[in-house]
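Data block below; observations after.
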Amino acid sequence: MSELVIAGRNVPRARSPGLWVLAWRRFGRDRVGVVSLAVVVFFCALMTASGLNLIAADWAQEAGVNYAPPTFMGPDAVEAEAVTPPVAQPAGGERAESSDIVDPLADVLAEIRRDPAAVAPPAPKAATLPFGGDKWGRDVLKKVIKGTQTSMFVGIAAALLATLLGTVFGALAGYYGRAVDDFFNWFYSIFTSVPYLLLILAIAAVLNQKGTLTVVLILGLTGWPGIFRLVRAEYLKHKAREYIQAADAIGASHRRRMFVHILPNVSHVILVQLSLHVVLFIKSEVILSFLGFGVGVDTVSWGSMLNEAQSELILGKWWQLVAATAAMAALVTAFSLFTDALRDALDPRLK
Amino acid sequence: MFAYVIRRLWQMVPTLLGVVLLVFGLFNFVGGDPAYLLAGKISNPEQIENIRRQLGVDQPYYVQLWIFLKQIATGDFGVSWATNERVSAIFATRLGPSLTVLLPLLVIDTLLAMAAAMLVAYMRGSLTDRLVMIGCTVGQSVSILVYIIVLQYVLAYQLGWFPVQGWGNNLAENLFRFSLLPIIVGVVVSLAPDTRLYRSFFLDEINQDYVRTARAKGMGEGRVMWVHVLRNASIPIITNVMIQLPGLLAGAFLIERFFSIPGIGREVILAVERSDFPVIKAITIYVAIATMVINLLADLLYKAVDPRVQLK
């Protein structure tokens with residue numbers, strides 16, 4: 001590829017750096033971009049490790065006392081005593097909200113919960129946890145890691161789906177034009193005339209089932225219009241260029257011209273959009289899960305943590321709120337700055 | 001101009017039809033049989049058959065679609081499945097509280113964001129500019145939920161400056177007592193993204209030739225910024241604010257939910273929680289119509305304030 005064949009002779013030629021190499025060099029000079037990339041990579045590693053159950057696999061274990069404070073604050077036994085009702089609650093504070101109603105199944109439930117632990121005596125509950133415990137005494141730090149896994153996975157998976165749809169629709173519409181273009185534009189105008197969050201909520205209402213996959217589908221299937229519009233505009237621009245005429249002349253098929261010739265030339269737009277949408281979908285997932293239309297009850301996400309944190313804050317238990325907020329703010333800030341740096345690196349004409 | 005409006009209105013028809021088909025498809029094919037939802041757990045086949053007849057679900061699809069179209073045209077979506085309140089009555093009573101919060105919120109937020117954006121655009125590249133932009137990025141990355149939870153807890157619950165939540169019966173009380181904190185929260189949340197966006201609008205104008213000309217002929221910086229740049233930059237800003245409005249109407253649901261404001265947004269959440277399909281359908285369709293009409297109005301306004309714009 002780097003060798004130019006002229007009149008049967010191989011003329012060695014210096015390999016000129018390609019688009020990606022140049023972009024990577026420009027990116028490397030952007031200090032903010034490099035730092036934010038490092039943070040994003042760190043979160044990706046966290047997500048992968050948690051997904052493979054290497055860390056935080058035992059997040060559901062009730063390791064500490066109810067609302068165990070963070071270690072650096074020291075145990076406050078007095079307050080913990082005052083907050084939790086003095087009724088014996090072997091299985092945690094599940095009935096703390098309705099302490100005046102006697103649960104007829106309480107003893108049975110306690111028996112069942114105790115059962116696996118009956119073999120070995122239940123581990124003593126720690127008075128403090130590294131970054132505090134939640135209502136059940138689960139480690140907030142581990143919950144945050146699990147929540148990072150869920151929220152990030154949803155954001156990335158939904159963004160991949162939306163980008164795939166937007167790219168394919170945009171390529172078809174921009175390349176073929178005419179009736180195909182009209183059809184996809186019609187489709188686009190439908191999706192953009194309903195406000196994004198309203199559309200998501202309407203679909204959530206109809207599906208009426210929770211789960212990580214559901215959230216990915218909802219966000220991915222509704223989030224493509226912005227990408228579609230940009231990719232379509234790029235394809236409109238590129239299909240008239242000479243290299244595509246040349247590709248036509250040597251007999252490249254439509255599909256080949258669309259996805260082998262044009263796609264690499266517009267991939268920088270797509271990549272930036274992908275990155276932007278990850279942030280958007282992480283935020284949307286948090287709101288959906290907070291409202292209870294998102295991930296299932298047995299899954300932790302930043303949204304469900306914030307939901308718990310809301311009532312905890314009134315009791316003065318701020319750590320879960322702070323942990324979830326800090327994790328999310330760190331990732332989203334890093335991702336946004338990374339996207340900006342990526343855009344600058346891939347499109348040096350901007351700025 | 002007139003021909004343009006007619007053409008735009010005509011173009012809305014297929015889009016609206018598409019929205020109708022989308023909503024219809026969602027609720028009829030994806031959603032499952034509403035009769036089972038309505039009948040609840042204790043039901044027998046006769047009851048379900050009865051409900052199906054009442055809803056018209058036993059009719060063929062084209063008849064149901066026709067019923068749906070008639071509902072949209074007449075604005076009569078029947079009654080809410082959850083509360084038996086007329087859907088039209090829900091709209092009429094919920095719109096007021098929503099607007100009581102949203103209109104002041106939009107005005108205050110726009111003015112503040114414009115001021116901040118003009119300032120940082122004027123000082124572009126300086127330390128202040130970069131600090132404000134970084135602050136905006138960080139501010140934007142904190143979830144809106146956290147702003148609401150923390151501000152409500154600190155300002156209302158702990159300090160007691162505002163009522164924690166609630167809604168009264170007269171406008172003055174609502175506006176000056178119950179709406180204050182929701183408005184503050186809304187402004188805090190939207191200030192960061194709006195400042196970023198408006199800064200780019202201001203920068204577009206500052207780099208124009210007419211600004212250089214104005215400076216070259218000896219015009220003071222104040223006059224350049226406040227008269228020339230501000231007036232030109234406000235065109236996209238006004239359009240942006242207008243386009244935001246229908247989305248906000250439904251999108252303010254978090255604020256409305258936290259502060260118990262009986263507005264449209266809270267109604268959306270309640271309807272989704274209760275699977276109250278008629279309400280969701282009605283809100284989706286009407287917000288879509290509002291979006292399209294407001295987009296048209298925004299384009300016309302654009303033309304009115306900037307004669308260079310060609311409407312095609």
Side-chain angles (χ1 to χ4, degrees), chain A residues 32 36 151 182 185-208 279 282-287 289-293 302-303 305-307 309-314 316 318 321-322 324-326 328-337 339-340, chain B residues 11-12 14-23 26-32 37 134 137-146 148-150 152-154 157 246-251 253-254 257-258 265 268-269 271-277 280-281 283-285 287-292 295:
Chain A
V32 179
S36 51
S151 298
D182 288 343
N185 274 330
W186 175 68
F187 213 48
Y188 167 79
S189 65
I190 295 169
F191 272 81
T192 44
S193 56
V194 183
Y196 178 62
L197 279 168
L198 182 60
L199 186 61
I200 290 181
L201 286 176
I203 298 179
V206 170
L207 286 180
N208 204 14
V279 171
I282 287 178
K283 286 183 179 172
S284 309
E285 185 276 333
V286 167
I287 292 177
S289 295
F290 176 86
L291 291 171
F293 308 132
W302 290 334
M305 286 182 71
L306 287 178
N307 193 354
Q310 190 196 352
S311 48
E312 288 177 8
L313 193 62
I314 305 210
W318 48 267
L321 177 75
V322 169
T325 308
M328 182 177 163
L331 176 66
V332 172
T333 306
F335 229 114
S336 309
L337 293 174
T339 309
D340 288 348
Chain B
Q11 281 167 356
M12 278 181 202
T15 309
L16 185 62
L17 211 61
V19 174
V20 170
L21 282 177
L22 178 75
V23 173
L26 264 180
F27 284 89
N28 284 278
F29 298 108
V30 187
L37 270 173
I134 291 176
T137 309
V138 177
Q140 253 180 299
S141 61
V142 175
S143 177
I144 172 174
L145 295 163
V146 176
I148 302 180
I149 294 173
V150 171
Q152 189 181 34
Y153 175 70
V154 174
Y157 185 81
L248 268 178
L249 205 57
F253 57 83
L254 287 173
R257 179 189 160 100
F258 272 94
V268 173
I269 299 291
V272 174
E273 275 172 357
R274 300 161 171 164
S275 300
D276 197 347
F277 288 179
I280 308 175
K281 273 185 186 169
I283 291 180
T284 313
I285 294 288
V287 170
I289 295 177
T291 311
M292 287 186 260
N295 280 346

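Here is the naming used below: chain letters follow the sequence lines, and residue numbers restart at 1 for every chain.
In this structure, the portions of B:Ile269 lying under 4.5 Å from any heavy atom of chain A include both its backbone and its side chain. Looking at A:Leu313, both its backbone and its side chain come within 4.5 Å of chain B, counting heavy atoms on both sides. Using a 4.5 Å cut-off between heavy atoms, B:Gln11 makes no contact with chain A at all. With a threshold of 4.5 angstrom between heavy atoms, A:Leu199 approaches chain B through side-chain atoms but not through N, CA, C or O. Heavy atoms closer than 4.5 Å to chain B are found in the side chain of A:Ser336, but not in its backbone. If you measure heavy-atom distances from B:Ile149 to chain A, the contacts under 4.5 Å come from both the backbone and the side chain.
Checked against ring-ring contact (aromatic ring centres under 6.0 Å, His included), A:Phe191 has the following partners two or more places apart in sequence or in another chain: A:Phe187, A:Trp224. Among residues two or more places apart in sequence or in another chain, the salt bridge (charged side-chain N to carboxylate O under 4.0 Å, His left out) test is passed with A:Asp340 by A:Arg343, B:Arg196.
With chain A as the partner, the residue from B:Ile289, B:Ile280, B:Val142, B:Val146 showing the most heavy-atom pairs under 4.5 Å is B:Val146.
Under the 3.5 Å distance criterion, the side-chain polar atoms of A:Thr192 are matched with a main-chain donor or acceptor of A:Ser189. Of the possible donor and acceptor atoms, none in the side chain of A:Lys283 sits under 3.5 Å from a partner among the backbone N and O of A:Val332. Between the side chain of A:Trp302 and the backbone N or O of A:Ser151, no donor-acceptor pair lies under 3.5 Å. Between the side chain of A:Ser193 and the backbone N or O of A:Ile190 there is at least one donor-acceptor pair closer than 3.5 Å.
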